[in-house]
Amino acid sequence: QVQLVESGGGSVQAGGTLRLSCAASTYMDRMAWFRQAPGKEREGLAAIQTDLGIAYYTDSMKGRFTISQDNAKNTVHLQMNSLEPEDTGMYYCAAERTLGGVLSPNGYKYWGQGTQVTVSS
C-alpha cells in the first residue's frame, strides 16, 4: 500500500507564499495536487510525470503555482505564490493515475490525508 504524506500547510495573509510537500512511500511516476474548498468539489491544481519531468496545470493556477519533484526523496512540491483568500482549502496529494485526465480527481488510486491552507485578507 502506497502512503502519501502532505506537509507545509498553514495560515498566511493574502499575497503570501507557501510550499507544500508530498512524500510518497515509494517512487510514483504520476503525482498531482488537488484542492477542496469548503462546500466545493475537489479540483485539480497541478500534476507531474516524474519520469519525464513534465508538468500540467489548471489554467487558473498558471503563473502562481509551480509543481516540482525530488525523485531522490520520492517527493513532489507545490510552490504557491500570491495567495488569495479564495485559495483557502484542504490540499491533497494524489498518485498513480488509473484513468481520466491528469487533473481529474476521479482517476487517482492513492491519496494523502491533506494539509490545510488558510489565506486571510
Side-chain angles (χ1 to χ4, degrees):
Q1 182 74 7
V2 174
Q3 292 186 340
L4 304 175
V5 180
E6 301 100 332
S7 61
S11 297
V12 296
Q13 291 189 329
T17 64
L18 282 173
R19 187 182 191 225
L20 306 183
S21 297
C22 173
S25 56
T26 188
Y27 174 76
M28 305 300 295
D29 62 0
R30 301 289 188 273
M31 298 185 73
W33 283 99
F34 294 82
R35 173 176 74 195
Q36 188 161 18
K40 295 187 177 181
E41 293 185 352
R42 193 168 296 187
E43 63 172 330
L45 303 176
I48 190 165
Q49 291 182 226
T50 58
D51 52 349
L52 299 175
I54 299 174
Y56 306 86
Y57 296 94
T58 296
D59 285 346
S60 59
M61 302 302 161
K62 288 182 180 178
R64 290 199 305 129
F65 291 4
T66 303
I67 190 169
S68 62
Q69 64 191 77
D70 183 344
N71 287 347
K73 298 180 180 179
N74 296 331
T75 299
V76 295
H77 306 284
L78 186 67
Q79 177 69 40
M80 305 188 296
N81 301 327
S82 302
L83 285 164
E84 305 166 352
E86 293 73 22
D87 293 316
T88 293
M90 188 68 79
Y91 284 66
Y92 297 92
C93 175
E96 191 167 325
R97 182 169 64 93
T98 56
L99 56 94
V102 295
L103 294 174
S104 169
N106 299 320
Y108 284 85
K109 183 175 181 179
Y110 301 109
W111 290 86
Q113 294 298 310
T115 185
Q116 177 68 36
V117 171
T118 303
V119 184
S120 58
S121 58

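Note that the CD atom of Gln49 and the CG atom of Asp29 stand 8.0 Å from one another [nearest 0.5 Å]. A distance of 13.0 Å separates CD of Glu84 from OG of Ser120, quoted to the nearest 0.5 Å. Between Leu45 atom CG and Arg64 atom CZ the span is 9.5 Å, to the nearest 0.5 Å. Residue Arg19 holds its CZ atom at 9.5 Å from OG of Ser7, rounded to the nearest 0.5 Å. Note that SG of Cys22 is 12.0 Å distant from CG of Asp70, once rounded to the nearest 0.5 Å. Considering CG of Leu83 and OG of Ser11, their distance stands at 11.5 Å, rounded to 0.5 Å.
By the side-chain contact (heavy atoms from CB on, under 4.5 Å) test, Gln116 is found to be paired with Thr88, Met90, Thr118, residues two or more places apart in sequence or in another chain being considered. Residues passing the side-chain contact (heavy atoms from CB on, under 4.5 Å) test with Ala14 are Pro85, Val119, sequence neighbours excluded. Residues satisfying the side-chain hydrogen bond (donor to acceptor under 3.5 Å, both in side chains) test with Ser21, not counting sequence neighbours, are His77. Residues satisfying the side-chain contact (heavy atoms from CB on, under 4.5 Å) criterion with Val2, sequence neighbours excluded, are Leu4, Ser25, Thr26, Met28, Tyr110. Under the side-chain contact (heavy atoms from CB on, under 4.5 Å) criterion, Leu103 pairs with Ala47, Thr58, not counting sequence neighbours. Under the side-chain hydrogen bond (donor to acceptor under 3.5 Å, both in side chains) criterion, Asn71 pairs with Gln69, not counting sequence neighbours. Under the rule for a ring-ring contact (aromatic ring centres under 6.0 Å, His included), the partners of Phe34 that lie at least two apart in sequence or sit in another chain are Tyr108, Trp111. Residues meeting the side-chain hydrogen bond (donor to acceptor under 3.5 Å, both in side chains) test with Gln79, sequence neighbours left out: Asn81.
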Show me the donor-acceptor pairs, under 3.5 Å and distance only, between side chains in residues 92-100 and residues at least two apart or in other chains.
| unit_1 | atom_1 | unit_2 | atom_2 | d |
| --- | --- | --- | --- | --- |
| Arg97 | NH1 | Gly100 | O | 2.6 |
| Thr98 | OG1 | Gly107 | O | 3.1 |

Would you be so kind as to tabulate the donor-acceptor pairs closer than 3.5 Å made by side chains of residues 37-44, with sequence neighbours excluded?
| unit_1 | atom_1 | unit_2 | atom_2 | d |
| --- | --- | --- | --- | --- |
| Arg42 | NE | Gln36 | OE1 | 3.3 |
| Arg42 | NH2 | Gln36 | OE1 | 3.3 |
| Glu43 | OE2 | Arg35 | NE | 3.0 |
| Glu43 | OE2 | Arg35 | NH2 | 2.7 |

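You'll find the side chain of Ile48 stays beyond 4.5 Å of the side chain of Tyr56, heavy atoms only.
Residue pairs meeting the disulfide bond (SG atoms under 2.5 Å apart) criterion with at least one partner in residues 46-76, sequence neighbours excluded, are absent. The list of disulfide bond (SG atoms under 2.5 Å apart) pairs with a residue in residues 32-75, not counting sequence neighbours, is empty.
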(message) Test side chain to side chain contact (heavy atoms under 4.5 Å, CB included) on Val117 and Leu20; report intermediate values, then the result.
(response) CA-CA 9 Å; Val117 171; Leu20 306 183; 4.2 Å; yes
(request) Could you walk me through whether Val5 and Gln113 pass side chain to side chain contact (heavy atoms under 4.5 Å, CB included), step by step? (result) CA-CA 7 Å; Val5 180; Gln113 294 298 310; over 6 Å; no
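Remark: the backbone N or O of Val102 is not paired with any side-chain donor or acceptor of Ser104 at under 3.5 angstrom.
Phe65 and Met31 fall within a single hydrophobic cluster, where Ile, Leu, Val, Met, Phe, Trp and Tyr side chains are chained together by heavy-atom contacts under 4.5 Å.
The minimum heavy-atom distance between Asn74 and Tyr27, with the atom names listed, is OD1-CA, 3.4 Å.
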